[in-house]
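Everything below concerns the one structure shown next.
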Amino acid sequence: MFRKIISSPSKSKSRKIVSISLHSTNYCYHDPSAPPSSPSKHISPRQKWLEITPTSFKGFNRSFSSGYQLNSTQFRVTNLNRIGFSVSRRGFSSETVRDCINYDVVIIGGGPAGLSAAIRLKQLCRENDVDLSVCVVEKGAEVGAHILSGNVFEPRALNELIPQWRDEEAPISVSVSSDKFMLLTEKHAIPLPNPFDNKGNYVISLSQFVRWLGQKAEELGVEVYPGFAAKEILFDENENVIGIATNDMGIGKDGSKKDNYQPGVELKGRINLFAEGCRGALSEKLIKKYNLREKGHGQHQTYALGIKEVWEIDAKKHKPGAVVHTLGWPMDHKTYGGSFLYHMQDNQVSIGLVCALNYHNPYFSPYDEFQKLKGHPAIRPLLENGTVVQYGARTLNEGGFQSIPYPVFPGGAVVGCAAGFLNVPKIKGTHTAMKSGMLAAESAFEVLNKGSNMKNYWESLKKSWIWEELYQARNYRPAFEYGLFPGLAISGLEHYLLKGRAPFTLKHGKPDHEATHEASVSSPIEYPKPDGIVSFDVPTSLYRSNTNHNHDQPAHLRLRDPQIPQIVNLPKYGAPESRYCPARVYEYVADDKGELKLQINAQNCLHCKACDIKDPKQNIEWTVPEGGGGPGYSVM
């Protein structure tokens, strides 16, 4: 291991000089003291990563499961000379050349699905005495930094993946103690029959849980690399996916190479699993390129935006494990959504609002609706005199069974929320995401070890409890296309009487971006000003998300047609992008002539993907910024 090699000088008086030859993709090291006939020892992909990672990732400090610490100054090949390595690099021209690392399996995304897939692969390796190299690349500065969810966690998949998790210091300790469901009006909270069954579930922080999963993966030998954003899909001459490339670092806003420029890295896998989460940028390209939506169940995906805060409240008000869900106010009866309030540990509560992105009124602002929610008489007293710990937002899939794409493509598969396995009536998707990753891992192992086909992943999905859950829940979300009360009636019939056995399957309405009405037929919405006690302005909330991007880099939010905002969105739809974004990335400002022009504040981006989904003309393309940028969630 690299740790042992570089630590040997401090533990031995006779230090070995190791030379590393870098021949394009062939990386090996030679021990000069070994007999001439001794074969060269190949450097592992992890060692190669350590040598080529750019120093431009400021402040990066990496800790592996072995306990060895790496900082950015140790990540360059040239610095190996300082600890006794003689380094030679041959075969490189003055032109930019991307380093290439080969793995058996490359997993894009360090969330529940990706890490569960990685863990399951390594478990299978141990069970079958096989060694496969597995890499997880994650765009967040650390594992869990971009993870946000409610979250009332159902441990079904975890029980299968790591049965002994209770003995492994998993951050899962607050079991659900009470469970309420209410209909909110402006002044009242009306109790409703509770359709949820949260017995045996836990209130958790998903970002903390994912961080723990990352540690478990590393302990098994998975190479987990946060801070690297997958920018490009790599194909061979037959259009098979053979890996991804991370984005270049050190590119200025004007496109020029800065002094700290480092080209991206190619990560090539025999199997490539895309686990980017909801509306993953590369996953969506694969779904479109290979017509996976049409090969699956054919219907478009539908989405919602979840906005969340974690508060620390008075200990006297805190009830660990208490769970509350609501429908109704502050949203109108035509807008699907609701709120959640979960009592976590350490006097913390998570509160959030989830609103479907097929809402009609372009003046609707999810952020301001959330601020209104906290002023409700049933909620405000709990939060008063408390402190906001963190704020964030993320979109989620709501299409369910009807929108599942065929998940297999030449060279890999789409897993987790990138495909869309969220169970809407349960308001849960972590357990299904994890299970899908595990099933994909088992299929990938069979491909690499026994020569089978990744198509088995699709068959395994259809035989799994994921399929059973989503089929039974298939009519809940589209029932609310008819409004709140018809939706409650149909979903109640489904839940209590038909139990998922209805002889029909409802279809979704229009895609979310097509659902927006024109401003001329919509009523403006007046929102109250933040009081600074339970409601806050966007800059205050954004600060609490720990969001950070390098300002001097190309914008990762791109307009396909720069004229659309001025000639369509502003006059026809009343500038909806200035409202659906929960970070105020988009705002219209007057130029020297007094004309309103769209200004994109990309540094504010929470990576929620709402803009990529809701823009009426699908004119905004969300792409990855430099790795490590974005929110820095720790308890979300």
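Computed from a predicted model, the values in this text were never measured in an experiment. In this chain, residues are counted from 1 in sequence order.
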Any side-chain donor-acceptor pair under 3.5 Å between [X] and [Y]?
X	Y	result
Asp314	Asn385	no
Asp615	Asn569	yes
Glu312	Asn347	no
Tyr359	Thr516	no
His551	Lys253	no
Glu398	Thr302	no
Asn151	Lys308	no
Gln599	Glu587	yes
His360	Lys334	no
Gln390	Ser545	no

Exercise. If you round to the nearest 0.5 Å, how far is OG of Ser541 from CD of Gln371?
Worked result: 5.5 Å
Exercise. Mind checking whether Tyr367 and Tyr391 have parallel, tilted or perpendicular rings, split at 30° and 60°?
Worked result: perpendicular
Exercise. For the residue pair His556 and His607, does the interplanar ring angle fall in the parallel (under 30°), tilted (30 to 60°) or perpendicular (over 60°) class?
Worked result: tilted
Seminar exercise, completed: Residue set satisfying ring-ring contact (aromatic ring centres under 6.0 Å, His included) with Phe181, at least two apart, ordered chain then number -> Phe196
Exercise. Given His513 and Tyr303, is the ring-ring contact (aromatic ring centres under 6.0 Å, His included) satisfied, shown in steps?
Worked result: CA-CA 10 Å; His513 67 279; Tyr303 303 90; over 10 Å; no
For this session: Check Lys139, His549, Gln603 against Pro625 for a side-chain contact (heavy atoms from CB on, under 4.5 Å) and give me the one that passes.
Result: His549
For this session: Could you please spell out the steps behind the ring-ring contact (aromatic ring centres under 6.0 Å, His included) verdict for His188 and Trp329?
Result: CA-CA 9 Å; His188 301 93; Trp329 191 90; over 10 Å; no
For this session: Identify whether the distance between the nearest side-chain nitrogen and carboxylate oxygen of Asp197 and Lys428 falls below 4.0 Å.
Result: no
N/O donor to acceptor pairs below 3.5 angstrom from side-chain atoms of residues 167-176, sequence neighbours left out:
{"from": "Glu168", "atom 1": "OE1", "to": "Lys216", "atom 2": "NZ", "distance (Å)": "3.0"}
{"from": "Ser173", "atom 1": "OG", "to": "Gln345", "atom 2": "OE1", "distance (Å)": "3.2"}

Problem set entry | Check against salt bridge (Lys or Arg N to Asp or Glu O under 4.0 Å), Glu469 and Lys426 | CA-CA 10 Å; Glu469 272 199 24; Lys426 275 190 174 184; 3.0 Å; yes
Exercise. Is the centre of the Trp165 ring less than 6.0 Å from the centre of the Tyr202 ring?
Worked result: yes
For this session: Kindly give the heavy-atom pair with the smallest separation between Ile108 and Ala230, and that separation in Å.
Result: CG2-CB, 3.7 Å
For this session: List the atom of Phe421, the atom of Thr432, and the distance in Å for their closest heavy-atom pair.
Result: O-OG1, 2.8 Å
Problem set entry | Worked check of salt bridge (Lys or Arg N to Asp or Glu O under 4.0 Å) between Arg279 and Asp612 | CA-CA 8 Å; Arg279 196 74 173 197; Asp612 197 73; 2.6 Å; yes
